[in-house]
Asks: 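Below you'll find the structure I mean.
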Amino acid sequence: MADIVREMLISHDPSETRVAVLEDGRLVEYYIERAKRSVVGNVYLARVKDVLPGMQAAFVDIGLEKNAFLYVDEVVAPEGIEDLPRRDIQAMLKSGQQIMVQVLKDPMGTKGARVTTDMTLPGRFLVLMPFSDFVGISRKLPEPERERLHSIIDDRAPKGVGLIVRTAATGASEKDLLADLEFLQRLWKRVQHQALEALPPEVIYTEMDLALRFVRDVFGEDFRRLLVDDKGVFEKVVSFLKKTSPNLTRQVQLFREKVPLFDYFALNDQVATVLDRAVRLPSGGYIAIDQTEALTAIDVNTGKFTGRKSLEETILKTNLEAAEEVVRQLRLRDIGGIIVIDFIDMEDQFHRAEVFTRLTTAMERDRTKTRVMEISRLGLVEMTRKNVTDGLTDTLTDPCPTCHGQGRVLSESTRRIMAERRMREVLRGGKSAAYLFGLHPETYSIVNAPGQNVVASLRAETKKQVAIVADPDCGPGDVRILIEGRAGTIERALR
């Protein structure tokens, strides 16, 4: 991991902001922010709308289209509630009550945002938790550094307030850490003041935009450089780092080439593969990614790779390559929720252990919280990955209007039969002697294919005049009646 060359790119234009993270020149993380920004991290003064004892949850109005969901375990208990034998949502919240909440998950699909009353305010080096007394250090830091940071923070953490020292605090001085702590305490006081002045539902704290959020949370000494193609964003990033990590400003550069930033690094082709179901592996194998509402299934296949030594060696090599690529795709597509990886069956338990080690080692580079179960005898790995925002696929695409998100389209035979059936129904039920139908251009070609004779058979069957034309305004599975009338009407219209 220490040998990996990491770079961050920030591209901004009037339409969107894009952030890319590269490892050895390969795209591993890619995020987009458009006019509709993520609300994760925002703090709202909300109003409780419904308390649901059967679900031990409540719906709260934060001013968005859908009410937010607040589970009982995400409610900071008032004084006295802690002594109850079990947490009861009805004892904590009442309909109409004003509460301050923070968004944990963006609204997704038909679901509203997920919120908590247990606030966390992130800084460059620390995370402030106003309703906690826990003090912790990032587990990604080496033990000597953890001990050094503990010695600084333990004696200076305010009573009754929790703190987490972030990975970005590596090498940070005592002065830097205390300045960050002072900033977060001032910020919390400002949030509290805003809550007193606000009328629910109202936002009282807005999280940073995408560019600054990534610089704060991700950018550090382990990055070779940060390139920004917009002067305004560049100045904003440098100003932020001067206040928090002055030593990192030398790694920030304004991109001045005439070629667009993402074209210069040939990233657009890599971004395009995010929409592909199959992802090729170096040996010739591939992984297939299928996302459903409940989970994501990833299937590993040898594809064109036949190997040289033995079947077992071929399978092992494919699975090892897949383990690396699966993690890259999870990060790149920002896939969350339940994930099942179906590696190719391996008889050798040592091979299974080797593949699992490769997978977990690759997962160490993933910032998002994950939980991985051991590989089974069938080669299955079950895991969960924290789901915070819509994945990249949902950001870049909409459900197909033809297949309605199923990923399948009607076959030519089905479309021909549907069009023929619909025209037959109209001809049998209609009183006119002649009909001109409009079909989607592709359906028109299918119906008119050699050997079909659909129009001739309908004429013979119904004894009516029938004609069809290609209609670009017609849906793939639709039939439109363009003209109907007496015998001869269609011939005159088509002259």
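These numbers were taken from a predicted model, which means no experiment stands behind them. Residue numbers count from 1 along this sequence.
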Asks: Quick check: does any side chain N or O of Thr117 sit under 3.5 Å from a backbone N or O of Glu74, one acting as donor and the other as acceptor?
Replies: yes
Asks: Under 3.5 Å, is there a donor on one side chain and an acceptor on the other for Ser11 and Arg18?
Replies: yes
Asks: Rounded to the nearest 0.5 Å, what separates atom OG1 in Thr368 from atom CE in Met363?
Replies: 8.5 Å
Asks: Taking the side chain from Ser245 and the backbone from Leu241, do they hold a donor-acceptor pair closer than 3.5 Å?
Replies: no
Asks: With a 4.5 Å cut-off on side-chain heavy atoms, are Tyr286 and Arg280 touching?
Replies: yes
Asks: Under a 4.5 Å cut-off applied to non-hydrogen side-chain atoms, are Glu29 and Glu23 in contact?
Replies: no
Asks: Keeping the roles fixed (side chain from Asp290, backbone from Arg277), state whether a donor-acceptor pair exists under 3.5 Å.
Replies: no
Asks: Are more than 12 heavy atoms, taken from residues, nucleotides or ligands other than Ile338, located less than 6.0 Å from that residue's CD1 atom?
Replies: no
Asks: Give the C-alpha distance, both sets of side-chain angles, the deciding distance and a yes or no for salt bridge (Lys or Arg N to Asp or Glu O under 4.0 Å) between Arg367 and Asp217.
Replies: CA-CA 10 Å; Arg367 296 179 300 108; Asp217 296 346; 5.8 Å; no
Asks: Can you confirm whether Lys140 is buried at NZ, in the sense that more than 12 heavy atoms of other residues, nucleotides or ligands lie under 6.0 Å from that atom?
Replies: yes
Asks: Assess whether atom CD of Glu382 is packed by more than 12 heavy atoms of other residues, nucleotides or ligands within 6.0 Å.
Replies: no
Asks: Please examine the side chains of Lys66 and Pro107, heavy atoms only from C-beta on, and report whether any two atoms are closer than 4.5 Å.
Replies: no
Asks: For Ser138, does its backbone N or O pair with a side-chain atom of Arg166 as donor and acceptor, under 3.5 Å?
Replies: no
Asks: Under 3.5 Å, side chain of Thr361 to main-chain N/O of Arg358, donor-acceptor pair present?
Replies: no
Asks: On a heavy-atom basis, which atom in Ile287 and which in Ala322 lie closest, and how many Å separate them?
Replies: CG2-CB, 3.8 Å
Asks: Donor-acceptor check, side chain of Asp13 to backbone of Glu16, threshold 3.5 angstrom: yes or no?
Replies: yes
Asks: What are the two closest heavy atoms between Ala157 and Val135, and how far apart are they?
Replies: CB-CG2, 4.0 Å
Asks: Looking at every non-hydrogen atom in both residues, tell me the closest pair between Asp299 and Asp342 and how far apart they are.
Replies: OD1-OD2, 3.4 Å
Asks: So, for Leu184 and Leu126, which heavy atoms are closest and what is the spacing to 0.1 Å?
Replies: CD1-O, 3.6 Å
Asks: When you measure from the side chain of Arg225 to the backbone N and O of Leu9, does any donor-acceptor pair fall under 3.5 Å?
Replies: no
Asks: For Tyr264, does the OH atom sit with more than 12 other heavy atoms under 6.0 Å from it, leaving out its own atoms?
Replies: no
Asks: In Å, rounded to the nearest 0.5 Å, how long is the span from CG of Leu199 to CZ of Arg47?
Replies: 8.5 Å
Asks: Indicate the ring-plane relationship of Tyr71 and Phe69, choosing parallel, tilted or perpendicular according to the 30° and 60° boundaries.
Replies: parallel
Asks: Would you give the length of the straight line joining atom CG of Asp73 to atom OG1 of Thr116, rounded to the nearest 0.5 angstrom?
Replies: 10.0 Å
Asks: For Thr395 and Asp334, what are the C-alpha separation, side-chain angles and deciding distance, and is it a side chain to side chain contact (heavy atoms under 4.5 Å, CB included)?
Replies: CA-CA 11 Å; Thr395 302; Asp334 197 21; over 6 Å; no
Asks: Got more than 12 heavy atoms from elsewhere within 6.0 Å of CD, Glu374?
Replies: no
Asks: Do Ile10 and Leu227 pass the side chain to side chain contact (heavy atoms under 4.5 Å, CB included) test, and can you show the C-alpha distance, the side-chain angles, and the key distance before you say yes or no?
Replies: CA-CA 6 Å; Ile10 299 179; Leu227 291 176; over 6 Å; no
Asks: Within a radius of less than 6.0 Å around CD of Glu347, do more than 12 heavy atoms belonging to other residues, nucleotides or ligands occur?
Replies: no
Asks: Look at the rings of Phe214 and Tyr31 and say which category their plane angle falls in: under 30° parallel, 30 to 60° tilted, over 60° perpendicular.
Replies: tilted
Asks: Using a 6.0 Å cut-off, check whether atom NE2 of His193 has over 12 heavy atoms from anything other than its own residue.
Replies: no
Asks: For the CG atom of Asp366 and the OG1 atom of Thr360, what is their distance to the nearest 0.5 Å?
Replies: 12.5 Å
Asks: Determine whether Met100 and Gln102 make a side-chain contact, defined as any pair of heavy atoms from C-beta on separated by less than 4.5 Å.
Replies: no
Asks: Please identify which of these residues, Val279, Ile298, Ile335, meets the side-chain contact (heavy atoms from CB on, under 4.5 Å) condition with Gln329.
Replies: Val279
Asks: In terms of side-chain heavy atoms, does Glu354 have a donor or acceptor partner in Asn319 at a distance below 3.5 Å?
Replies: no
Asks: Taking the side chain as C-beta and beyond, is there a heavy-atom pair between Leu359 and Ile341 under 4.5 Å?
Replies: yes
Asks: Can you tell whether the side chains of Arg124 and Asp180 come within less than 4.0 Å, N to carboxylate O?
Replies: no
Asks: Starting from the C-alpha separation in whole Å, work towards a yes-or-no answer on side chain to side chain contact (heavy atoms under 4.5 Å, CB included) for Ile62 and Val39.
Replies: CA-CA 11 Å; Ile62 61 174; Val39 295; 5.8 Å; no
Asks: Less than 4.5 Å apart, side chain to side chain, heavy atoms only: is that true for Asp209 and Lys236?
Replies: yes
Asks: Does a side chain donor of either Thr393 or Arg333 reach within less than 3.5 Å of an acceptor in the other side chain?
Replies: no
Asks: Side-chain contact, heavy-atom cut-off 4.5 Å: Val21 with Arg6?
Replies: yes
Asks: Just by modelled atom types, is the Arg224 backbone N or O under 3.5 Å from a matching donor or acceptor in the Glu7 side chain?
Replies: no
Asks: Carefully, step by step, assess Lys105 and Asn387 under the rule side chain to side chain contact (heavy atoms under 4.5 Å, CB included).
Replies: CA-CA 7 Å; Lys105 283 186 181 181; Asn387 199 350; 4.2 Å; yes
Asks: At what distance, to the nearest 0.5 angstrom, does CZ of Phe350 lie from CG of Leu316?
Replies: 13.0 Å
Asks: Answer whether the closest heavy-atom distance between the side chains of Tyr44 and Pro200 falls below 4.5 Å.
Replies: no
Asks: At what distance, to the nearest 0.5 angstrom, does CZ of Arg37 lie from OG1 of Thr206?
Replies: 7.0 Å
Asks: List the atom of Leu210, the atom of Thr17, and the distance in Å for their closest heavy-atom pair.
Replies: CD2-O, 3.7 Å
Asks: Would Trp188 and Tyr205 count as a close aromatic pair, with their ring centres under 6.0 Å?
Replies: no
Asks: Check whether Arg146 reaches the backbone of Ile137 with its side chain - one donor and one acceptor, N or O, closer than 3.5 Å.
Replies: yes
Asks: With a 3.5 Å cut-off and no angle check, do the side chains of Ser173 and Asp176 form a donor-acceptor pair?
Replies: yes
Asks: Using every non-hydrogen atom in the two residues, find where Val51 and Ser95 come nearest and quote the distance to one decimal.
Replies: CG2-N, 4.0 Å
Asks: When you measure from the side chain of Gln251 to the backbone N and O of Phe223, does any donor-acceptor pair fall under 3.5 Å?
Replies: yes
